[in-house]
Each structure stands twice: as C-alpha cells, then as structure tokens.
Amino acid sequence: MYEAYYGLREKPFSILPDPDLIYWGRTHRMAFSMLEFGVMNNAQFTVITGEIGSGKTTLVRHLLRKLDPRTTNVGLISNTPQGREELLRWIMVALDLPSEGTTSALLKSFQDFLHAQRPTGHRTILIVDEAQNLGEQALEALRMLSNINVDKYQYLQLVLVGQPQLKDMLCRPQLLQFAQRVSSDFHLKPLAQNEVAEYIDFRLSAVGSRVHLFSDEACMKIAEASLGIPRVINILCDTALIYGFSTGAKLITSKLVGEVIEDKRNFGIFPLNNEMVRSP
C-alpha cells in the first residue's frame with residue numbers, strides 16, 4: 001500500500017517472525033548466543049523466556065536456518081499440549097515419526113529412533129515454543145524423556161521458549177529436578193529506549209529506504225508507548241506509515257505518531273504505555 005510511495009521493496013514492519021529482519025540489539029545478541037551455545041554444546045535443557053512480542057520465535061527461526069539438516073533432526077512444537085500422552089504424540093509428529101498406537105508403544109518407538117541416531121552421528125533437538133502453556137505433567141514428562149541421555153552422549157536435547165510465566169513455573173519446588181537440568185538460559189528483555197530509533201532505521205534500511213522516515217521525536221514517542229516491545233513497535237510504525245501515505249507526508253513526525261497512538265488507545269485492541277507523553 002505505502003511501499004512504493006516511500007521507496008520500499010516490502011513492508012518493513014510485518015509482525016510475522018522474519019529472520020532476515022532481526023535487529024541485533026544487546027539483549028537479542030545475548031539471547032541468541034545462549035540459545036546457540038545450548039544447542040551447539042549439547043545442553044540437555046535450554047530455556048529462553050521473554051515478554052509477548054519480544055522476538056523469541058524470530059530467534060528460533062534464525063537458529064533453524066543455521067542447523068544442518070544432514071546432521072541434525074529438529075522437531076518444533078508450537079501447539080503446547082498439557083498431558084504426557086498428548087505431548088508424546090506431538091513429539092512424534094514434529095519428528096515425522098508414526099504417532100498412532102499406545103503410549104508405551106510410542107515411547108518405545110521414540111527411544112528406538114533416538115538410539116538409531118547415534119551410529120549415524122545425528123543429533124535430535126526438540127524445540128517447544130509457547131512452552132509457558134505446558135502443564136506440570138507435560139514438563140515432568142519432558143524431564144523423564146531426557147533420562148534417555150546417558151554418560152557423555154546426548155540422545156535428545158530440549159529447548160523451551162516461552163513467556164515469563166515459564167520462568168516462574170520452573171521456580172516451583174515441585175519442578176526443582178527439571179530446573180536443575182537447565183544448563184543454558186536467558187530472559188529476553190525489551191529494547192532500551194535509545195535502541196528503538198536504531199531498530200526503526202534498521203528495519204527501514206533493510207527493505208530499501210535511503211532516508212530517515214521517522215523523526216527523532218517520533219521514534220522517542222514510539223519507544224515510550226511501546227515500552228520497547230518489537231511487535232508493538234512494528235504495529236505502531238506500520239500504522240504510522242499508512243497514516244503518512246494517506247496524508248501525503250514524506251516524514252513521519254511526532255504529531256502523526258501521536259495521532260496513531262491516540263487512535264490505537266481509543267479504537268484499538270492492545271494496550272499501550274499509559275505514561276506516554278501526549279502529542280502537542
């Protein structure tokens with residue numbers, strides 16, 4: 001809609017996870033380093049947490065690009081089951097294994113699959129996204145599945161990615177045995193206020209912009225309203241570009257962003273920071 005008007009190849013602020021548009025701020029660099037460290041160094045459990053829209057899934061997608069399918073079996077579960085049996089079936093589906101049969105038969109089939117990978121040198125990594133929705137039974141089932149790892153060889157590595165509630169869950173006394181097996185973890189924080197303008201410029205330049213489309217004051221207002229959450233930044237910036245295109249604006253100003261924020265507050269469906277200074 002506004003891409004040609006602003007000289008862009010594509011929309012710069014899509015809310016879909018896009019590994020090509022990762023802004024490597026400090027916390028995102030650290031989060032991915034811990035994620036990659038856990039995977040590459042055979043950590044039994046790796047846990048990455050962060051607020052909704054902070055970029056966790058995008059980091060996972062970037063990791064998947066870097067893993068060699070010739071040496072690594074990867075199963076990705078995005079629908080988080082609550083119970084043991086349902087979890088096992090989702091694991092089998094994620095790894096393209098037969099998922100029909102009794103729980104005991106599926107468990108044996110899964111263990112046989114893992115044991116068969118050792119002579120070939122293949123690793124098996126299971127990634128559970130939105131893991132905060134897992135029930136305690138499902139988490140305990142994952143811990144029990146990890147018991148297949150013996151001596152120095154890791155048949156199965158598990159990566160849990162989720163919202164802050166996941167971190168709270170793992171601190172419960174009844175999940176102490178699970179938490180003690182987590183050897184690589186990181187909590188992804190929002191962008192710092194001074195990083196938001198860099199983030200906006202990076203996304204724009206990545207799709208062909210050669211000018212600063214957002215004024216410094218506009219970026220500051222977006223930083224305050226979004227609290228540094230990338231997904232909220234994307235929504236505000238995308239809407240601001242639509243408003244700019246519809247009014248013939250060549251520069252996205254603080255006043256225009258203020259209108260976007262007010263309209264989102266009055267007519268939108270997601271919360272913004274109420275402490276944001278209103279536009280003049």
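Every heavy atom of this structure was used, including side-chain atoms; hydrogens, water molecules and symmetry mates were not. Owing to the predicted nature of the structure, the values given are computational and were not obtained by experimental measurement.
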Quick one: does any side-chain atom of [X] pair with a main-chain N or O of [Y] as donor and acceptor, under 3.5 Å?
{"X": "Arg181", "Y": "Arg143", "result": "yes"}
{"X": "Arg123", "Y": "Val39", "result": "yes"}
{"X": "Ser184", "Y": "Met34", "result": "yes"}
{"X": "Asp238", "Y": "Asn234", "result": "no"}
{"X": "Thr239", "Y": "Ile235", "result": "yes"}
{"X": "His28", "Y": "Leu191", "result": "no"}
{"X": "His187", "Y": "Ile48", "result": "no"}
{"X": "Glu86", "Y": "Ala138", "result": "no"}
{"X": "Gln44", "Y": "Ser146", "result": "yes"}
{"X": "Arg118", "Y": "Tyr155", "result": "no"}

- Query: Lys221 and Ser254: side-chain donor and acceptor closer than 3.5 Å?
  - Reply: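 Side chains of Lys221 and Ser254: pair found under 3.5 Å.
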For [X] and [Y], take the angle between the two ring planes, folded into 0 to 90°, and tell me which bin it lands in: parallel under 30, tilted 30 to 60, perpendicular over 60.
{"X": "Tyr23", "Y": "Phe202", "result": "tilted"}
{"X": "Phe245", "Y": "Tyr5", "result": "perpendicular"}
{"X": "Phe13", "Y": "Tyr199", "result": "tilted"}

- Task: Verify side chain to side chain contact (heavy atoms under 4.5 Å, CB included) between Tyr243 and Ile252, making sure each step is shown before the conclusion.
- Result: CA-CA 9 Å; Tyr243 278 38; Ile252 306 301; over 6 Å; no
For atom [atom1] of [X], is the number of surrounding heavy atoms from other residues, nucleotides or ligands below 6.0 Å larger than 12?
{"X": "Arg26", "atom1": "CZ", "result": "no"}
{"X": "Arg61", "atom1": "CZ", "result": "no"}
{"X": "Ile242", "atom1": "CD1", "result": "yes"}
{"X": "Met92", "atom1": "CE", "result": "yes"}

Nearest 0.5 Å please: distance from the [atom1] atom of [X] over to the [atom2] atom of [Y].
{"X": "Ile77", "Y": "Glu130", "atom1": "CD1", "atom2": "CD", "result": "13.0 Å"}
{"X": "Lys108", "Y": "Thr102", "atom1": "NZ", "atom2": "OG1", "result": "11.5 Å"}
{"X": "His62", "Y": "Leu59", "atom1": "NE2", "atom2": "CG", "result": "8.0 Å"}
{"X": "Ser215", "Y": "Met220", "atom1": "OG", "atom2": "CE", "result": "9.5 Å"}
{"X": "Leu204", "Y": "Arg210", "atom1": "CG", "atom2": "CZ", "result": "14.0 Å"}
{"X": "Leu175", "Y": "Glu140", "atom1": "CG", "atom2": "CD", "result": "7.5 Å"}

- Residue that, paired with Leu126, satisfies side chain to side chain contact (heavy atoms under 4.5 Å, CB included) out of Val74, Val159, Leu142: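 Running side chain to side chain contact (heavy atoms under 4.5 Å, CB included) over Val74, Val159, Leu142 with Leu126 returns exactly one hit, Leu142.
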[Y] and [X], any side-chain heavy atoms less than 4.5 Å apart:
{"X": "Arg84", "Y": "Thr103", "value": "no"}
{"X": "Glu51", "Y": "Pro164", "value": "yes"}
{"X": "Leu107", "Y": "Leu145", "value": "yes"}
{"X": "Pro12", "Y": "Leu8", "value": "yes"}
{"X": "Ile52", "Y": "Gln163", "value": "yes"}

- Hey, mind stepping through Lys11 and Met1 against side chain to side chain contact (heavy atoms under 4.5 Å, CB included) and telling me if it holds? CA-CA 9 Å; Lys11 292 181 66 173; Met1 181 177 182; over 6 Å; no
- How would you list, by chain and number, every residue that makes a side chain to side chain contact (heavy atoms under 4.5 Å, CB included) with Ala131, sequence neighbours excluded? Val128, Leu134, Leu160, Leu166
- Non-neighbouring partners of Ala192 that pass side chain to side chain contact (heavy atoms under 4.5 Å, CB included), sequence neighbours left out: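 By the side chain to side chain contact (heavy atoms under 4.5 Å, CB included) rule, Ala192 matches Asn194, Glu195.
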- Query: Would a line drawn from the ring center of Trp24 to the ring center of Phe32 be shorter than 6.0 Å?
  - Reply: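 Ring-ring flag for Trp24/Phe32: true, centres closer than 6.0 Å.
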- Check the pair Leu97 / Ser109 against side chain to side chain contact (heavy atoms under 4.5 Å, CB included), numbers first and verdict last. CA-CA 9 Å; Leu97 299 174; Ser109 178; 5.5 Å; no
- Item | side chain to side chain contact (heavy atoms under 4.5 Å, CB included) between Met40 and Leu67, intermediate numbers included | CA-CA 9 Å; Met40 298 305 177; Leu67 295 175; 3.8 Å; yes
- Of all residues at least two apart in sequence or in a different chain, which pass the salt bridge (charged side-chain N to carboxylate O under 4.0 Å, His left out) check with Lys167?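 None.
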- Over all heavy atoms of both residues, which pair between Val161 and Gln132 is shortest? Give the atoms and the distance, please.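 It is O-OE1, 4.5 Å.
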